[in-house]
Amino acid sequence: MNELSIMRKRSLLITFKFLVVVGTFSFYCGCASTTTGIKTALDPIFLSQIKKIGIKVEIKEKFSVILNQLGTQDAGFIAGGLLGAAIQKGIQKGVDSNLTNDLKPMLGDFDCKRILTSMMVQGLQRSGRFDSVIDISEHPEDASSVDGLLILDIVTWGLRPGMSKDPADKGMAALDAQISLLQGQDRRSIWKRESFFAAGDVYPLENFSTTQGLLRNEMLDLLINYSNRIINEIRFTR
């Protein structure tokens, strides 16, 4: 069974859970979403004027591990003040960089942009909100034909700290994203959001390198859960 088939099955299951337990979605799916900056309400009147929408996904960075560098620099500060803290921070970033390089092979040919784009296009098609949904990521020449453009800018994605006193001890799949929904040929903004989104379970860091398929599956579930969160927010805007 290929990755897209697995993705569709997981998406249908997760979507079903969402619809059944909308009020407790975070509990059942193990998801956490935090608005980190801009957040504007989605106006249903403007949304209803979009009949043909284009989806554009942008991935700013490749998979990354950000764990150690989120810890304190107390030891460095005590030893050398601000300079010592800066040196310790650099060391922590170096450790995360090595972890990133060690774990990347576990992802194989995992294509974050392709998967997320596919999920968004299919999900919005099923939502019934629009007459047509097209992929602008791979077909930018079609952008002029749409009267709405949804841009998902994934700033970072990878492993982030789980619920642990030591941020480097455990990790879970997470991403930072910026969303913009533009309406009309003049592309006026009708919705913006910046958020941190985490999904799935928290695992000891070593599990991601010793358990075959774990990292890939957690990243896939992250994208499925995130796309469903955005799709359902659009679908149920009234």
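- Separation of atoms CG (Leu222) and CD1 (Ile115) is listed at 10.5 Å; rounding is to 0.5 Å.
- Hydrophobic clustering places Ile179 together with Leu116 (ILVMFWY residues linked when any side-chain heavy atoms are closer than 4.5 Å, directly or through intermediates).
- What you find for Asp135 and Glu138 is that their closest heavy atoms are OD1-N, 3.3 Å.
- Connection of Ile234 to Ile136 is not established within any shared hydrophobic cluster, with ILVMFWY side chains joined at heavy-atom distances below 4.5 Å, either directly or through further cluster members.
- Checking side-chain atoms of Ser127 against main-chain N and O of Arg235 turns up no donor-acceptor pair under 3.5 Å.
- In terms of heavy atoms, Leu67 sits closest to Gly171 at CD2-CA, 4.4 Å.
- The two residues Glu218 and Ala173 make their nearest non-hydrogen contact at O-CB, 3.6 Å.
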Validation: residues 142-157 side-chain donor-acceptor distances under 3.5 Å, sequence neighbours left out:
residue: Ser145; atom: OG; partner: Lys52; partner atom: NZ; Å: 3.2
residue: Ser145; atom: OG; partner: Asp142; partner atom: O; Å: 2.7
residue: Asp147; atom: OD1; partner: Lys51; partner atom: N; Å: 3.1
residue: Asp147; atom: OD1; partner: Lys52; partner atom: N; Å: 2.9
residue: Asp147; atom: OD2; partner: Lys51; partner atom: N; Å: 3.4
residue: Thr156; atom: OG1; partner: Arg160; partner atom: NH2; Å: 3.2
residue: Thr156; atom: OG1; partner: Asp176; partner atom: OD2; Å: 2.7
residue: Trp157; atom: NE1; partner: Glu61; partner atom: O; Å: 3.1

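- The environment of Glu141 atom CD is dense: over 12 non-hydrogen atoms of other residues, nucleotides or ligands sit within 6.0 angstrom.
- The shortest non-hydrogen separation linking Gly184 to Arg188 is CA-NH1, 4.5 Å.
- Between Met119 and Ile55 the shortest side-chain heavy-atom distance does not fall below 4.5 Å.
- Going from atom CZ of Phe110 over to atom CE of Met219 covers 7.5 Å, rounded to the nearest 0.5 Å.
- Hydrophobic clustering (ILVMFWY, side-chain heavy atoms < 4.5 Å, transitive): Ile134 and Ile50 are in distinct clusters.
- Here the OG-CG distance, from Ser64 to Leu99, works out to 11.0 Å after rounding to the nearest 0.5 Å.
- Counting all heavy atoms, side chain and backbone alike, Gln183 lies closest to Gln49 at NE2-OE1, 3.0 Å.
- Taken from CZ in Arg193 to OG in Ser180, the straight-line distance is 12.0 Å, to the nearest 0.5 Å.
- Counting non-hydrogen atoms of neighbouring residues, nucleotides and ligands closer than 6.0 angstrom, the NZ atom of Lys104 exceeds 12 such neighbours.
- The shortest distance between side-chain heavy atoms of Ser227 and Met120 falls below 4.5 Å.
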### Task
Could you walk me through whether Asp109 and Arg216 pass the salt bridge (Lys or Arg N to Asp or Glu O under 4.0 Å) test, one step at a time?
CA-CA 10 Å; Asp109 60 353; Arg216 192 182 181 99; 2.8 Å; yes

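- For the pair Leu223 and Phe197, the minimum side-chain heavy-atom distance is 4.5 Å or more.
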### Task
Evaluate the criterion side-chain contact (heavy atoms from CB on, under 4.5 Å) for residue pair Trp191 and Thr237; output intermediate values, then yes/no.
CA-CA 12 Å; Trp191 188 38; Thr237 294; over 6 Å; no

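- For the residue pair Tyr203 and Leu214, the shortest heavy atom distance occurs at CZ-CD1, 3.7 Å.
- Atoms CZ and CE, on Phe63 and Met106 in that order, are 10.0 Å from each other to the nearest 0.5 Å.
- The shortest distance between side-chain heavy atoms of Gln125 and Val121 falls below 4.5 Å.
- A search for side chain to side chain contact (heavy atoms under 4.5 Å, CB included) contacts involving Pro204 returns Glu206, Asn207, not counting sequence neighbours.
- Atom-to-atom distance recorded for Ile230:CD1 and Leu181:CG is 11.0 Å, nearest 0.5 angstrom.
- Residues Leu42 and Leu182 do not share a hydrophobic cluster, clusters being chains of Ile/Leu/Val/Met/Phe/Trp/Tyr side chains in contact below 4.5 Å.
- By the 4.5 Å heavy-atom criterion applied to side chains, Phe208 and Val65 are not counted as neighbours.
- Counting heavy atoms from C-beta outward, Thr100 and Lys62 have side chains that stay 4.5 Å or more apart.
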